[in-house]
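Here is the structure we will look at.
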Amino acid sequence: DGYAALIQQFATDNPGKIAISFTELTGKRPYYGGSANAEQQMPAAGIEGVYVAYAAQKGIEDGSIQPTDRILGSLSVEDCMEVAISDQNEDCITGLLSKMGNEKVEARIAEVGLTGTSFSGSVNVTTARDMALFMQQLGRNDLPIRNKNVLEIPMRDIALRDGIISIAPSSARVAGGALDANYNEMAFITENGQYAVSIMTQGSAGSKTTVKLVKAIDALKQQKQDL
């Protein structure tokens with residue numbers, strides 16, 4: 001389908017360690033897509049704030065935690081969920097994990113298929129596969145929460161303004177994380193169809209690399225539509 005070759009080539013041709021997962025969600029199943037190193041665990045670098053916020057929303061909806069519970073100084077569960085997504089706030093991510101327990105958070109995200117993510121080591125890790133799968137479910141209303149706005153609204157204000165959000169349509173959902181040499185982004189993009197994409201990088205050109213990937217995918221999509 002062209003996408004698989006594009007993704008593999010991109011991961012090989014660009015500097016640093018790169019993992020990618022991409023699924024075209026337009027048309028009939030099975031969907032087209034491509035991946036490179038998608039099952040390899042790499043440092044989450046703050047992007048796990050989205051997963052933790054999702055787990056917290058599950059807890060709010062089942063009554064096990066309250067949105068007004070204090071997490072960090074004057075910041076409540078609700079406040080920390082927001083900045084965990086928009087700013088990848090490490091203290092809030094740690095505080096929410098402490099509130100719910102690492103095992104509970106891992107169990108809640110495993111329920112939606114995120115099996116390559118762990119909060120039990122010295123560094124939180126995830127995979128490109130988990131990232132793209134999460135965004136696909138968020139974008140297609142498949143996550144088992146009643147209120148997904150608590151995840152989507154902070155994504156409009158993410159701190160990583162030079163990344164995918166700089167070229168994506170306003171309807172896109174984009175989340176990211178950056179720490180030291182690691183730069184990760186995941187997106188659900190709705191323009192000329194729908195697709196979910198994630199990219200994890202280590203020692204790359206950061207936002208320039210993630211933007212380059214999305215532009216390459218969009219160019220191939222346009223070529224296919226022009227045929």
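Throughout, residue positions are numbered sequentially from 1 according to the sequence presented.
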For Y51, the option from N124, T126, D130 that meets side chain to side chain donor-acceptor pair (under 3.5 Å):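 That would be T126.
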Does atom [atom1] ([X]) have a neighbourhood of more than 12 heavy atoms from anything else shown, all under 6.0 Å?
{"X": "E152", "atom1": "CD", "value": "yes"}
{"X": "R161", "atom1": "CZ", "value": "yes"}
{"X": "Q41", "atom1": "CD", "value": "yes"}
{"X": "K104", "atom1": "NZ", "value": "no"}

CA sep, side-chain torsions, deciding dist, call: E78, T68, side-chain contact (heavy atoms from CB on, under 4.5 Å): CA-CA 7 Å; E78 212 165 36; T68 53; 5.6 Å; no
Group every Ile, Leu, Val, Met, Phe, Trp and Tyr by side-chain heavy-atom contacts under 4.5 Å, then state whether [X] and [Y] land in the same group.
{"X": "V83", "Y": "L179", "answer": "no"}
{"X": "L72", "Y": "V50", "answer": "yes"}
{"X": "V150", "Y": "V77", "answer": "yes"}
{"X": "Y32", "Y": "V197", "answer": "yes"}
{"X": "V125", "Y": "M186", "answer": "no"}

Evaluate the side-chain proximity of [Y] to [X]: yes if any heavy-atom separation is below 4.5 Å, no if none is.
{"X": "F119", "Y": "V105", "value": "yes"}
{"X": "N37", "Y": "K17", "value": "no"}
{"X": "I7", "Y": "I217", "value": "yes"}
{"X": "L220", "Y": "Q223", "value": "yes"}
{"X": "M200", "Y": "Q40", "value": "no"}

Side chain to side chain donor-acceptor pair (under 3.5 Å) between T190 and S171, intermediate numbers included: CA-CA 6 Å; T190 53; S171 58; 2.7 Å; yes
Please report the interatomic distance [atom1]([X]) to [atom2]([Y]), rounded to the nearest 0.5 Å.
{"X": "L75", "Y": "C92", "atom1": "CG", "atom2": "SG", "value": "5.0 Å"}
{"X": "E106", "Y": "I109", "atom1": "CD", "atom2": "CD1", "value": "6.5 Å"}
{"X": "I60", "Y": "R146", "atom1": "CD1", "atom2": "CZ", "value": "10.5 Å"}
{"X": "K208", "Y": "T201", "atom1": "NZ", "atom2": "OG1", "value": "13.0 Å"}
{"X": "D69", "Y": "C80", "atom1": "CG", "atom2": "SG", "value": "11.5 Å"}
{"X": "I71", "Y": "L97", "atom1": "CD1", "atom2": "CG", "value": "10.0 Å"}

For [X] versus [Y], what's the shortest heavy-atom pair and its separation?
{"X": "A178", "Y": "Y183", "value": "CB-CD1, 3.7 Å"}
{"X": "L96", "Y": "A56", "value": "CD2-CB, 4.4 Å"}
{"X": "V112", "Y": "Q137", "value": "O-NE2, 2.8 Å"}
{"X": "A159", "Y": "D87", "value": "CB-OD1, 4.1 Å"}
{"X": "I165", "Y": "L160", "value": "CG2-O, 3.7 Å"}
{"X": "M135", "Y": "R173", "value": "CE-O, 3.2 Å"}

Sub-6.0 Å ring centroid separation between Y54 and F134: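 Between Y54 and F134, the centre distance is under 6.0 Å.
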Test log, rule side-chain contact (heavy atoms from CB on, under 4.5 Å), inputs L114 and L133: CA-CA 7 Å; L114 277 61; L133 178 60; 4.1 Å; yes
For the pair [X] (side chain) and [Y] (backbone), establish whether a donor and an acceptor sit closer than 3.5 Å, ignoring hydrogens and angles.
{"X": "E48", "Y": "T117", "result": "no"}
{"X": "E185", "Y": "I164", "result": "yes"}
{"X": "N184", "Y": "P43", "result": "yes"}
{"X": "N14", "Y": "F10", "result": "yes"}
{"X": "Q202", "Y": "M42", "result": "no"}
{"X": "S21", "Y": "R129", "result": "no"}
{"X": "Q136", "Y": "T23", "result": "no"}
{"X": "Q88", "Y": "G176", "result": "yes"}
{"X": "T26", "Y": "Q194", "result": "yes"}
{"X": "S118", "Y": "S120", "result": "yes"}

Qualifying residue for ring pair (Phe, Tyr, Trp, His ring centres under 6.0 Å) with Y3, from F22, Y195, Y31: F22
side-chain contact (heavy atoms from CB on, under 4.5 Å) between R70 and S76, intermediate numbers included: CA-CA 4 Å; R70 292 282 170 245; S76 65; 3.3 Å; yes
Stepwise side chain to side chain donor-acceptor pair (under 3.5 Å) check, T94 with D91: CA-CA 5 Å; T94 301; D91 290 336; 5.6 Å; no
CA sep, side-chain torsions, deciding dist, call: D13, K212, salt bridge (charged side-chain N to carboxylate O under 4.0 Å, His left out): CA-CA 12 Å; D13 289 352; K212 184 178 178 182; over 6 Å; no
Audit row: L143, K148, side-chain contact (heavy atoms from CB on, under 4.5 Å) steps and yes/no: CA-CA 8 Å; L143 288 175; K148 68 172 190 168; 6.0 Å; no
